[in-house]
Amino acid sequence: MALRVYNTLTRQKEDFHPVEPGKVRMYVCGPTVYKPSHIGHMVGPVIFDTVKRFLTYLGFEVKWVVNITDVDDKLIVRARELGTSVEALAHRMTEDYLDCLNKLNVTGIDEFPKATQHITEMIEIMQGLIDKGHAYPSGGDVYFDVASDPDYGKLCNRDPEQLEAGSRIEVSDKKRNPGDFALWKGSKPGEPSWPSPWGPGRPGWHIECSAMSMKLLGKTLDIHGGGLDLQFPHHENELAQSESFTDQPFSRYWMHNGLLKMGQAKMAGSVGNVVNIVDLLKRHSAETVRLLLLNTHYRSPIEYSDERLAEVRRSLDNFYRFFERFQRIRGGGFFALTAPAKLASFDESPPSEFLNEISRLRSTFLDCMSDDFNTGGAIGALYELLTALNRFADAQQLEGAGKTKEALAEFERGAVVLRELSQILGLFAQAPESGGASDELVQGLMQLLIDLRAEARKAKNFAVADTIRQRLGQLHITLEDRPGGTGWRKE
RNA sequence: GGCCCCUUCGCCAAGUGGUAAGGCAGCGGAUUGCAAAUCCGCUAUCCCCGGUUCGAAUCCGGGAGGGGCCUCCA
């Protein structure tokens with residue numbers, strides 16, 4: 001069950017071996033903070049958060065860095081539109097971004113370096129590139145000389161010659177070749193700027209990632225991640241400038257996540273079909289969103305729609321109902337269970353068909369995750385685990401009179417596995433919100449109705465009993481007659 | 001024009017050489033006074049055409065349809 005990772009650089013799955021055994025250095029490109037985050041921004045973070053969780057589970061010590069781009073053309077334009085400063089806008093949007101990550105239970109990011117705080121490091125790299133003949137100053141700007149790097153284009157399988165054919169590349173007489181890209185842009189009056197050996201200016205788009213990843217994670221990363229749309233030119237350029245500077249591999253594995261799409265097209269600011277996360281979370285729970293993103297393999301496009309979200313929610317309810325059932329059976333909550341945080345072999349004693357099944361599904365889950373983080377397959381195993389648990393609870397009458405101490409213990413061991421595995425996906429960390437049902441008055445009134453209905457049923461007065469149930473149904477309250485008594489749920 | 005990728009049950013979606021996971025919806029059954037919840041069951045040969053192979057959804061060639069990148073984008 002060796003871990004395998006698809007590497008964009010080689011276009012195939014490879015066995016995973018970090019530079020330093022036992023440690024993983026991961027860098028994922030973060031947002032330009034000029035607008036509120038949309039769901040597309042969360043795909044990468046949720047996926048790589050899961051990657052980190054799984055690597056950590058396997059015993060790796062993972063350090064994960066996500067950059068914040070807080071200076072850029074778009075930021076300047078937007079700040080001007082809003083009549084605010086670039087710093088103030090960047091600060092506000094960074095808070096929004098961090099808040100979204102938090103809500104989606106993306107907890108693994110260790111550092112969020114900001115571009116504006118690493119100008120010195122960038123200048124150092126640019127100077128080094130100029131000294132080595134890989135870059136040249138020109139009219140206040142500094143450009144990377146694509147022709148100086150024989151490897152240029154290796155990430156995206158792109159020939160620099162072809163780039164000239166495209167008419168969409170920014171034309172500039174400051175460049176030697178059309179494919180050359182700006183490392184440093186001389187600033188116009190009124191724009192944010194920093195002093196440099198080439199005059200006042202600000203960094204180009206790609207240089208910050210090289211500077212910050214090298215500073216925080218070293219010259220060679222183990223995993224460099226980002227959206228598929230960043231492959232070219234961003235990652236290609238990052239790669240070129242970094243390796244030209246260090247003469248060492250920039251990243252062992254390049255991982256690119258698929259894009260979120262709405263209907264047939266991708267969701268993106270440039271397409272204008274973005275769904276703001278804050279708005280989204282008013283309609284759907286964060287856990288629903290997270291599961292939607294994890295349901296599809298990370299390299300595939302993910303289809304987004306309210307209907308899909310509603311569907312995911314319904315499937316999630318199967319788990320939520322189980323958690324309530326667990327509570328009824330064990331008295332203690334599922335969320336209070338302590339599960340192993342690291343991989344260990346599963347002890348199947350005492351030998352039983354049930355534990356054997358649990359062990360099998362657990363292996364399926366781990367095998368899927370080990371095969372290029374196949375979260376979709378792993379989630380499939382989780383549903384089967386759920387069914388196995390319910391089947392066992394039925395067969396052993398755990399809510400009724402037939403239960404035994406041994407069966408209860410086995411049941412709990414199975415539930416612990418569910419908890420262990422769902423933690424890897426960042427799911428079920430806490431009880432789902434229960435729609436205001438915790439109100440004391442509501443509890444009391446519901447109990448009153450349930451008691452009245454119970455008396456009616458006892459007297460075989462089903463008309464009254466059914467009226468109570470139907471009227472509650474109109475209020476979106478469902479009654480469930482269980483072995484241990486009647487329960488109810490809202491929605 | 002160049003470079004990538006995708007096409008699996010009504011919908012979503014795993015599976016990348018050994019005989020098709022799972023979810024949603026639907027149908028039938030067990031259970032129930034009736035429901036709800038739970039469990040069980042319900043013949044998908046994998047876009048089309050060729051080829052390789054003992055054997056292909058999985059590899060190769062061709063065709064059809066869709067998407068991404070080549071400009072800012074997670």
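Proteins get letters first, then strands, A, B, ... in listed order; numbering begins at 1 in each.
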Undergrad: Between B:G2, B:C72, B:C39, which nucleotide gets closest to the side-chain atoms of A:Asp394?
TA: B:C39
Undergrad: Hey, mind stepping through A:Asp96 and A:Val278 against side chain to side chain contact (heavy atoms under 4.5 Å, CB included) and telling me if it holds?
TA: CA-CA 9 Å; A:Asp96 173 83; A:Val278 175; 3.9 Å; yes
Undergrad: Taking the side chain of A:Arg457 as heavy atoms from C-beta outward, which of B:G33, B:C12, B:A14 is closest to it?
TA: B:G33
Undergrad: What contact category does A:Asp72 fall into here, base, sugar-phosphate, or nothing, at under 4.0 angstrom with non-hydrogen atoms?
TA: nothing
Undergrad: When we call it a touch if two heavy atoms are under 4.0 Å apart, what does A:Arg313 touch: a base, just sugar-phosphate, or nothing?
TA: nothing
Undergrad: Side chains of A:Asp141 and A:Tyr143 only: does a donor on one sit below 3.5 Å from an acceptor on the other?
TA: yes
Undergrad: Just to be sure I understand the rule, does A:Asn374 reach a base, reach only the sugar-phosphate, or reach nothing, if contact means heavy atoms closer than 4.0 Å?
TA: sugar-phosphate
Undergrad: Between A:Glu384 (CD) and B:A13 (P), how many Å, whole number?
TA: 19 Å
Undergrad: For a quick check of understanding: with a heavy-atom distance under 4.0 Å over all strands, which category does A:Arg469 fall into, base, sugar-phosphate or nothing?
TA: base
Undergrad: Of the listed nucleotides (B:C11, B:A14, B:A74), which one gets closest to any side-chain atom of A:Pro31?
TA: B:A74
Undergrad: Would you mind reading off the distance between A:Asp367 atom CG and B:U16 atom C1', rounded to a whole angstrom?
TA: 16 Å
Undergrad: Checking base pairs now: Watson-Crick or wobble, both atom distances under 3.5 Å. What partners B:G26?
TA: B:C42
Undergrad: With a 4.0 Å cut-off on heavy atoms, is A:His234 in touch with a base, just the backbone sugar-phosphate, or nothing at all?
TA: nothing
Undergrad: Base, sugar-phosphate, or nothing: which does A:Gly30 touch, judged by heavy atoms less than 4.0 Å apart?
TA: sugar-phosphate
Undergrad: Does a donor on one side chain and an acceptor on the other come within less than 3.5 Å for A:Asp72 and A:Thr32?
TA: no
Undergrad: Which part of the nucleic acid, if any, lies within reach of A:Thr364 when heavy atoms closer than 4.0 Å are counted: base, sugar-phosphate only, or nothing?
TA: nothing
Undergrad: Should B:C69 form a Watson-Crick or G-U wobble pair with both distances under 3.5 Å, which nucleotide is its partner?
TA: B:G2
Undergrad: Measure from the ring centre of A:Tyr383 to the centre of the six-membered ring in the base of B:G23, then say whether that distance is under 5.5 Å and the planes meet at under 30°.
TA: no
Undergrad: Classify A:Leu260 by what it touches in the nucleic acid, base, sugar-phosphate, or nothing, heavy-atom distance under 4.0 Å.
TA: base
Undergrad: Can you say whether a donor on the side chain of A:Asp159 sits under 3.5 Å from an acceptor on the base of B:G2, or the other way round?
TA: no
Undergrad: Identify whether any heavy atom of A:Leu479 sits under 4.0 Å from a base atom; if not, whether one sits that close to sugar-phosphate; answer base, sugar-phosphate or nothing.
TA: base
Undergrad: Considering every strand and a 4.0 Å limit on heavy-atom distances, what is the contact class for A:Gly227: base, sugar-phosphate, or nothing?
TA: sugar-phosphate
Undergrad: Any strand counts, and the cut-off is 3.5 Å on both contacts for Watson-Crick or G-U wobble. Which nucleotide pairs with B:U7?
TA: B:A64
Undergrad: With sugar-phosphate meaning primed atoms plus P, OP1 and OP2, does A:Met267 contact a base, only sugar-phosphate, or nothing at under 4.0 Å between heavy atoms?
TA: base
Undergrad: With A:Arg299 as the cation and A:Tyr6 as the aromatic partner, state whether NZ or CZ is under 6.0 Å from the six-membered ring centre and within 45° of the axis.
TA: yes
Undergrad: Looking only at side chains, do A:Glu208 and A:Asn67 share a donor and an acceptor under 3.5 Å apart?
TA: yes
Undergrad: Could you tell me the Watson-Crick or G-U partner of B:G18, where both distances fall under 3.5 Å? Say none if there is no partner.
TA: B:C54
Undergrad: Would one find a side-chain N or O of A:Asn295 under 4.0 angstrom from OP1 or OP2 of B:A13?
TA: no
Undergrad: Report yes or no: is the cationic atom of A:Arg4 (NZ for Lys, CZ for Arg) closer than 6.0 Å to the six-membered ring centre of A:Phe16, at no more than 45° off its axis?
TA: no
Undergrad: What contact category does A:Lys266 fall into here, base, sugar-phosphate, or nothing, at under 4.0 angstrom with non-hydrogen atoms?
TA: base
